[in-house]
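Below you'll find the structure, written out as structure tokens, and then a few comments.
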Protein chains: 2
Amino acid sequence: MLDWRLTLRHSMSHPPAAGTLAFAPLYKQVKLALTRSLSASKWRPGDAIPSESRLAREFKVSVGTIRKAVDELVADKILLRQQGRGTFVTEHTEDRQLYYFFHIVGKSGARVAPTHEILSLRNARAGPADRPLGTNPGDRVYRVHNLLRIAGRPVIFDEITLAAARFPGLTEKIFAGRAGTIYGLYQARYGINVVRIVERISAQRAPAAVASVLGMRAENPILIIRRVAYSYHDAPVELRTSWVDTSGHEYLSDLWKAEGR
Amino acid sequence: MLDWRLTLRHSMSHPPAAGTLAFAPLYKQVKLALTRSLSASKWRPGDAIPSESRLAREFKVSVGTIRKAVDELVADKILLRQQGRGTFVTEHTEDRQLYYFFHIVGKSGARVAPTHEILSLRNARAGPADRPLGTNPGDRVYRVHNLLRIAGRPVIFDEITLAAARFPGLTEKIFAGRAGTIYGLYQARYGINVVRIVERISAQRAPAAVASVLGMRAENPILIIRRVAYSYHDAPVELRTSWVDTSGHEYLSDLWKAEGR
DNA sequence: AAGTGGTCTAGACCACTCT
DNA sequence: GAGTGGTCTAGACCACTTG
């Protein structure tokens, strides 16, 4: 279990060196070792990681140093501390989904969980627009169409693109029959943990196909969100384009709340 | 200078008590005392606050406790640490503006600073829509119209609303003739420090008046951003509605980058 | 009662900036 | 060299959860 023994201590000086963190502060080295264990699925979402005193013994550093590493992972929402219980690998629960990965709220500000309806899952070939996924044009991808309703009313139409190589054997049945959230599915079935999203937003005219699904008039203004979802170490996982009818809802951007302050 | 002597130590137990933090952890009490000094303009933006060892002496707590309080203020971007130099009150420089308070980027992702053109500053009466400002309908407000160009092309039209009571003597000349950013003006002239914004985004049809200023066709889809800007302790400072032509630019939402990771 | 995270302390040494 | 923040340690005690 001690294959992560750190060789360098206090040698925080000089070229931070590309790629490796050999000369970084101890707590950064610990943080990197932990995220590597995480991405190698050493612990599963919902599991407790070893206690801080135990980690301190294993890494041969002080508890304070472990705390500083874990502090950052908690701030990144990769780990979750619970006093008296332990430190856990964050799960993609409905609540987390709603707070950190779903930014559409009612005009009154009310945050309501949407219901999902998977419309289709198709095999396709990646195009140049899928580059942010890390795919090359021609690579196999899945495209999933998804309709989100809020209080029964269709509000969002999603097109989700995934690299087939990273999601082997994915089917519409698996996607539609999942237990929890979509990111929970990635996590539970493929060990892929979405920890960060970047979204680009613009206003356009609603395409006819989208408008008809959303029950709005074609050519009416619609909000378009282009999302890239990342796992540990900035590895892209998912591309998602969302068309949002903002006649009754809007996009909420609140960095503070999102960071849990 | 020691008017902030803390009476309670280690008494972190029991009713966190509404309003007061008397029973909160020491570092939270220190943080609160510091933000109170900040909002009382005890130190001006750009100034260094006392060193950590000095604060530790003054507060009669350990340096580690001071560090934890300052850590949070740095994470909130209220303070800025510089190794070897000191800890400074954050200023509203152009750079900070561009990174934390301006979310419009080119479709390529390029972040370009806009140029501002103040079109008008009018006296008006607050309406019900101005409630988030903390004003009651009928209170005096200023409304400022502002055109932002990116690479010479008009992209954003802003309507800024301010409570006249908090910005006495504000004129169009002052607004247009300011040295740096708009939030820098609030800071330098009125001691009001914007530290957080919340934005709500929707897609609508461009009103004729806005469309003509932006040089786009009326009724075309346009992005609308309704912003509330807050100072310390969540005090609302500014209401801003922005109409954005997203034919060549888009809104970027990246919590991580915004948090400086 | 045992184990976990949360707070706080005191002190050492390093890295950086300024004079 | 003096002063600042940055890292790291070791240990005490508190608050909370679980058995």
Side-chain angles (χ1 to χ4, degrees), chain A residues 6-16 21-34 43 47-75 78-90 260, chain B residues 6-17 21-34 43 46-75 78-90 260:
Chain A
L6 302 173
T7 47
L8 288 163
R9 309 175 49 140
H10 297 177
S11 51
M12 41 199 82
S13 56
H14 306 121
L21 280 181
F23 290 91
L26 264 185
Y27 76 91
K28 288 285 188 190
Q29 299 180 45
V30 171
K31 182 183 180 186
L32 183 57
L34 290 174
W43 309 293
D47 283 359
I49 68 169
S51 74
E52 298 183 344
S53 58
R54 186 187 171 96
L55 287 173
R57 261 180 281 120
E58 295 187 357
F59 279 104
K60 298 191 187 307
V61 300
S62 76
V63 177
T65 298
I66 297 292
R67 277 193 74 76
K68 194 152 183 188
V70 173
D71 277 348
E72 293 201 353
L73 292 169
V74 168
I78 288 171
L79 295 179
L80 173 69
R81 280 207 184 95
Q82 288 187 247
Q83 189 175 8
R85 301 224 308 133
T87 301
F88 303 83
V89 182
T90 310
Chain B
L6 303 173
T7 48
L8 287 162
R9 309 175 47 139
H10 296 179
S11 52
M12 42 198 81
S13 56
H14 305 121
L21 280 182
F23 291 91
L26 265 185
Y27 77 91
K28 289 283 187 190
Q29 299 180 45
V30 171
K31 182 184 180 185
L32 183 57
L34 290 174
W43 309 293
D47 283 359
I49 68 170
S51 74
E52 298 184 344
S53 58
R54 186 188 171 96
L55 287 173
R57 260 180 281 121
E58 295 188 355
F59 280 104
K60 296 191 187 307
V61 299
S62 77
V63 177
T65 299
I66 297 292
R67 277 194 74 76
K68 193 154 183 186
V70 173
D71 277 348
E72 293 201 354
L73 292 169
V74 168
I78 287 171
L79 296 179
L80 174 68
R81 280 206 184 97
Q82 289 187 248
Q83 188 174 11
R85 300 223 310 133
T87 301
F88 303 83
V89 181
T90 310

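In what follows, every chain begins at residue 1, and chains take the letters A, B, ... in the order their sequences are listed.
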* T90(A) and I78(A): which non-hydrogen atoms are nearest, and at how many Å? -> OG1-O, 2.9 Å
* To do: Give a yes/no answer on whether the side chain of R81(B) brings an N or O atom under 4.0 Å of OP1 or OP2 in dG6(D).
  => yes
* What are the two closest heavy atoms between K31(B) and A69(B), and how far apart are they? -> N-CB, 3.8 Å
* To do: In whole angstrom, give the distance that lies between atom CG of L55(B) and atom P of dT4(D).
  => 10 Å
* **Closest heavy-atom pair and its distance - V89(A), W43(A)** => CG2-CB, 4.0 Å
* Asked: Under 4.0 Å between a side-chain N or O of Y27(B) and OP1 or OP2 of dC8(C)?
  -> no
* Quick one: which of dA10(C), dT4(C), dT7(D) gets closest to the side chain of S53(A)? -> dT4(C)
* Asked: Between E52(A) and Q82(B), which has a closest nucleotide on DNA chain C that is more 5'?
  -> E52(A)
* Indicate whether OP1 or OP2 belonging to dC8(C) is found under 4.0 Å from a side-chain N or O atom of K68(B). => no
* To do: Give a yes/no answer on whether the side chain of S51(A) brings an N or O atom under 4.0 Å of OP1 or OP2 in dT4(C).
  => yes
* Asked: Looking at T65(B), does any N or O in its side chain come under 4.0 Å of the phosphate oxygens OP1/OP2 on dT9(C)?
  -> yes
* Mind calculating the distance between CZ (F59(B)) and C1' (dT9(C)) to the nearest angstrom? => 17 Å
* **Atom pair distance, as rounded to whole Å: CZ in R57(B) and P in dA10(C)** => 14 Å
* For dG5(C), does either OP1 or OP2 sit under 4.0 Å from a side-chain N or O belonging to T87(A)? -> yes
* **Nearest heavy atoms of E72(B) and K28(B), plus distance in Å** => OE1-NZ, 3.2 Å
* Separation of R54(A) atom CZ from dA2(C) atom C1', in whole Å? -> 16 Å
* Check the distance between dA10(D)'s C1' and K60(A)'s NZ and give it to me in whole angstrom. => 17 Å
* Length of the CD1-P vector between I66(B) and dC8(C), whole Å -> 11 Å
* Asked: What's the closest nucleotide to the L26(A) side chain, out of dT9(D), dT9(C), dT7(C)?
  -> dT9(D)
Which atom pairs link the protein and nucleotides 17-19 of chain D when you take only N or O atoms and keep those under 3.5 Å?
unit_1: dT18(D); atom_1: OP1; unit_2: R85(A); atom_2: NH1; d: 3.0

* Taking CZ from R67(B) and C1' from dA10(C), how many angstroms apart are they, rounded to a whole number? -> 15 Å
* Structure fact -> Between A33(B) and F59(B), the two heavy atoms sitting closest are CB-CE2, 3.8 Å
* Structure fact -> D47(B) atom CG is separated from dT4(D) atom P, nearest whole Å, by 16 Å
* Asked: Which heavy atom in S62(B) sits nearest to a heavy atom in A56(B), and how many Å separate them?
  -> C-CB, 4.0 Å
* To do: Quick one: do Q29(A) and L26(A) satisfy side chain to side chain contact (heavy atoms under 4.5 Å, CB included)? Show the steps, please.
  => CA-CA 5 Å; Q29(A) 299 180 45; L26(A) 264 185; 4.3 Å; yes
